Amino acid sequence: MRGFRWPPPPDGGPRTWGPGPGGPRTGRPALPEPETTLVTTPHGVRLEQLVTGSGDPVTVFAHGLANGIATTRPFGSGVDGRRIFFQFRGHGRSDAPPGDWTYLDLARDLRAVADLGGATRAFGVSLGAGALCRLLTESPQRFDRVVFFLPAALDRPRPTAARQRLTDLLDAIGSGDASAVAEVVSTELPPAVRNTPAGWAYLRQRLDHLLRDGLAPGLAGLPGQAPLTDRSALATVTTPALVIGAAGDDLHPVSVAEDLAAALPRATLHVYDRPGVLWSDRADLRHRVATFLNS
């Protein structure tokens with residue numbers, strides 16, 4: 001059986017235990033990351049963002065907990081117009097204001113980036129989907145089209161497994177031990193992807209960001225909260241919505257996607273039959289998102 005190893009082999013390729021072919025072992029360096037900027041929001045929190053593309057319409061992309069710009073950029077492939085990717089408070093180079101944070105604070109971050117950039121469409125994944133839900137309860141017609149990918153919570157807190165995952169990650173980052181961080185992050189990968197070139201590239205990218213920028217301790221309380229107190233508040237959201245879930249994803253229960261789609265008057269629900277969609281169905285996912293947003 002192949003297992004996870006860290007640090008990676010010095011020659012740049014994956015090493016696997018047991019029979020089976022090894023992956024390519026090139027020493028090719030990673031492409032340089034695009035330059036991001038810091039924008040000051042009306043509520044005084046500076047947020048890191050990256051803008052790609054040009055023209056209208058404009059779409060804002062909201063990332064998941066402990067993720068960021070790099071992990072949301074693939075969702076923008078094929079989406080027309082200008083695309084705004086940003087980092088919520090406590091992530092990347094964004095500010096980490098003192099105090100306890102709530103989904104209301106995240107919704108405020110999302111609204112500010114959308115307003116400053118003139119966004120008319122929105123995409124939210126996991127934590128970002130929750131922030132988008134909260135924003136829409138206050139401004140039901142704020143966007144022309146919205147996409148929710150792997151919503152993690154609606155009117156109940158996230159599963160215990162998700163809370164423990166974040167605790168483990170914060171502890172590992174706090175220790176400064178790359179191996180400990182890699183052990184936690186590697187659980188994000190489907191078993192078939194670990195110890196493959198794509199898996200190692202993903203791990204390196206995630207570790208570069210997490211060990212360079214860290215995560216603010218203020219994020220620790222978010223998994224124990226719910227974006228909404230009552231899902232019926234979404235009944236006034238008549239914006240066309242696409243809700244995407246995946247069966248078998250313990251951190252993003254498919255029941256949450258089903259409940260969200262049922263609560264939104266004009267929602268289309270699509271459920272993939274297995275987790276790890278970005279690895280197993282990436283082309284279909286990109287096409288589905290782009291087709292919906294470009295309609």
Side-chain angles (χ1 to χ4, degrees), residues 1-4 14 16 20 61-68 70-72 74-75 77 123-133 146-169 172 181-203 205-206 222-228 231 241-264 267-292:
M1 178 176 178
R2 301 183 179 190
F4 170 74
T16 56
F61 292 80
H63 63 82
L65 185 61
N67 283 278
T71 52
T72 49
F75 298 110
S77 177
F123 175 100
V125 53
S126 192
L127 180 80
L132 181 54
C133 282
V146 290
V147 176
F148 302 88
F149 178 61
L150 298 182
L154 192 54
D155 49 10
R156 292 188 295 271
R158 298 190 66 177
T160 302
R163 303 183 213 180
Q164 187 60 50
R165 178 78 61 83
L166 179 61
T167 298
D168 293 343
L169 183 58
V181 178
E183 286 290 347
V184 180
V185 173
S186 68
T187 60
E188 300 173 7
L189 297 168
V193 177
R194 298 174 194 174
N195 282 324
T196 66
W200 283 114
Y202 176 83
L203 273 176
Q205 179 191 62
R206 291 280 282 128
L222 288 171
Q225 303 177 38
L228 311 178
R231 71 186 70 174
L242 174 63
V243 182
I244 303 174
D249 189 328
D250 294 335
L251 299 184
H252 308 90
V254 71
S255 60
V256 177
E258 294 169 342
D259 290 344
L260 176 55
L264 293 166
T268 299
L269 173 66
H270 180 79
V271 177
Y272 288 94
D273 60 5
R274 55 182 171 174
V277 178
L278 271 171
W279 299 95
S280 61
D281 298 277
R282 180 181 291 246
D284 181 82
L285 175 60
R286 283 175 164 174
H287 176 75
R288 194 175 298 276
V289 170
T291 298
F292 177 81

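On a predicted model such as this, the values are computed, not experimentally measured, just so you know.
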- Task: Could you check if a side-chain atom of Leu285 sits within less than 4.5 angstrom of a side-chain atom of Tyr272, using non-hydrogen atoms only?
- Result: yes

- Check whether any side-chain heavy atom of Pro159 sits under 4.5 Å from a side-chain heavy atom of Asp250, and report yes or no. no

- What heavy-atom pair brings Phe148 and Ala241 nearest, and what distance separates the two atoms? CE1-CB, 4.1 Å

- Query: Does a side-chain heavy-atom distance below 4.5 Å link Ile244 with Val289?
  - Reply: yes

- Message: For a 4.5 angstrom cut-off between non-hydrogen side-chain atoms, does Val125 reach Thr72?
- Response: yes

- From Leu65 atom CG to Leu169 atom CG, the distance as rounded to the nearest 0.5 Å: 8.5 Å

- What pair of heavy atoms forms the shortest contact from Pro275 to Ala246, and how long is it? CA-CB, 4.1 Å

- Query: With a 4.5 Å limit on heavy-atom distance, are the side chains of Thr268 and Val243 in contact?
  - Reply: no

- Message: A side-chain contact here means heavy atoms from C-beta on lying under 4.5 Å apart; do Leu154 and Leu228 qualify?
- Response: yes

- After noting the C-alpha distance and the side-chain angles of Leu222 and Gln225, does the key distance pass the side chain to side chain contact (heavy atoms under 4.5 Å, CB included) rule? CA-CA 5 Å; Leu222 288 171; Gln225 303 177 38; 4.0 Å; yes

- Note on the structure: Note: Thr187 and Arg194 closest approach over all heavy atoms is CA-NH2, 3.7 Å

- What are the two closest non-hydrogen atoms of Val147 and Leu132, and how far apart are they? O-CD2, 4.0 Å

- Verify the ring-centre separation between Phe61 and Phe75: is it less than 6.0 angstrom? no

- Query: Can you find a pair of side-chain heavy atoms, one from Arg158 and one from Leu251, that are under 4.5 Å apart?
  - Reply: yes

- Item | Point-to-point distance, once rounded to the nearest 0.5 Å, from CZ of Arg206 to OG1 of Thr71 | 6.5 Å

- Non-hydrogen atoms of Pro74 and Arg286 that approach each other most closely: O-NE, 3.2 Å

- Looking only at heavy atoms, the pair that brings Ala257 and Pro151 closest together is CA-CG, 3.7 Å

- If you count the non-hydrogen atoms of other residues, nucleotides and ligands that lie under 6.0 Å from CG in Asp284, is the total more than 12? yes

- Does any non-hydrogen side-chain atom of Pro157 lie less than 4.5 Å from one of Arg163? yes

- Look up atom CH2 in Trp200 and atom CG in Leu189, then write down how far apart they are to the nearest 0.5 Å. 10.0 Å

- Donor-acceptor pair, Thr291 side chain versus Arg288 backbone, under 3.5 Å? no

